[in-house]
Amino acid sequence: MKLIPMITLAAFAILTGCASIGDVQQTSPDASTQICRDTTEEEISSLFDRWNRSLQTGDPHKVVANYAERSILLPTLSNKPRLTQAEKEDYFHHFLENRPYGKIDLRFIEIGCNTAVDAGLYTFTFANGAQVSGRYSYTYHWDGSGWLITSHHSSVMPEKR
């Protein structure tokens, strides 16, 4: 009958080890352990607001600070993919000349382990009053201290309203 207390103790240890508050451990197929940052849709949606505020500074360097070192920008107003920080700064240098302000019209957020996707529709209003509606997707990665953009795709809506 010593077996029942041993099974109870083992079950308690397993259940206690699985409970967590905040970050979650996830074991991948290659048996390595990864700590997953706990987040919410509200936090992920606030990352667009952070990016949009950086546009308002007019400083391309501050905008590019939102992007991971290894990331891609597929911009709205250029056919050239931007892979390096310098290429991204060059794009934003020209984009910011028109003082854009973005507004989300529709969004879909998907959250994974240290990754998140925010995709949908947005509209930019420029200083001259012109507006451009587009589709967007941002992929984010938690780097251990903050969320950074790893891919950003933006394209003008193909059909006129």
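Residues E42 and S45 come closest through the heavy atom pair O-OG, 3.0 Å. Considering all non-hydrogen atoms of both residues, P100 and Q56 come closest at O-NE2, 3.0 Å. Y122 approaches D105 most closely through the heavy-atom pair C-OD2, 3.3 Å. For the residue pair K103 and F48, the shortest heavy atom distance occurs at N-CZ, 4.3 Å.
Relative ring orientation between H152 and W51 is described as perpendicular, the plane-to-plane angle rising above 60° on a 0-90° scale split at 30° and 60°.
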Between E87 and L73, does a side chain to side chain contact (heavy atoms under 4.5 Å, CB included) hold up when you go through it step by step? CA-CA 9 Å; E87 290 173 335; L73 167 63; over 6 Å; no
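Taking hydrophobic clusters as Ile, Leu, Val, Met, Phe, Trp and Tyr residues chained together by side-chain heavy-atom distances below 4.5 Å, I72 does not share a cluster with Y91.
Shown here are the salt bridge (charged side-chain N to carboxylate O under 4.0 Å, His left out) partners of D143, two or more places apart in sequence or in another chain: there are none.
Heavy-atom neighbours of Y101 OH from other residues, nucleotides or ligands within 6.0 Å: at or below the threshold of 12. No more than 12 heavy atoms of other residues, nucleotides or ligands lie within 6.0 Å of NE2 in H61, so this atom counts as exposed by the packing criterion.
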Pairs of donor and acceptor atoms involving the side chains of residues 111-119, under 3.5 Å and at least two apart or interchain, shall be tabulated with distances.
residue, atom, partner, partner atom, Å
N114, OD1, R37, N, 2.7
N114, ND2, I35, O, 2.8
D118, OD1, R107, NE, 3.2
D118, OD1, Y136, OH, 2.8
D118, OD2, R107, NE, 3.4
D118, OD2, R107, NH2, 2.9

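Under a 4.5 Å side-chain heavy-atom criterion applied to ILVMFWY residues, the cluster that includes L148 comprises that residue alone.
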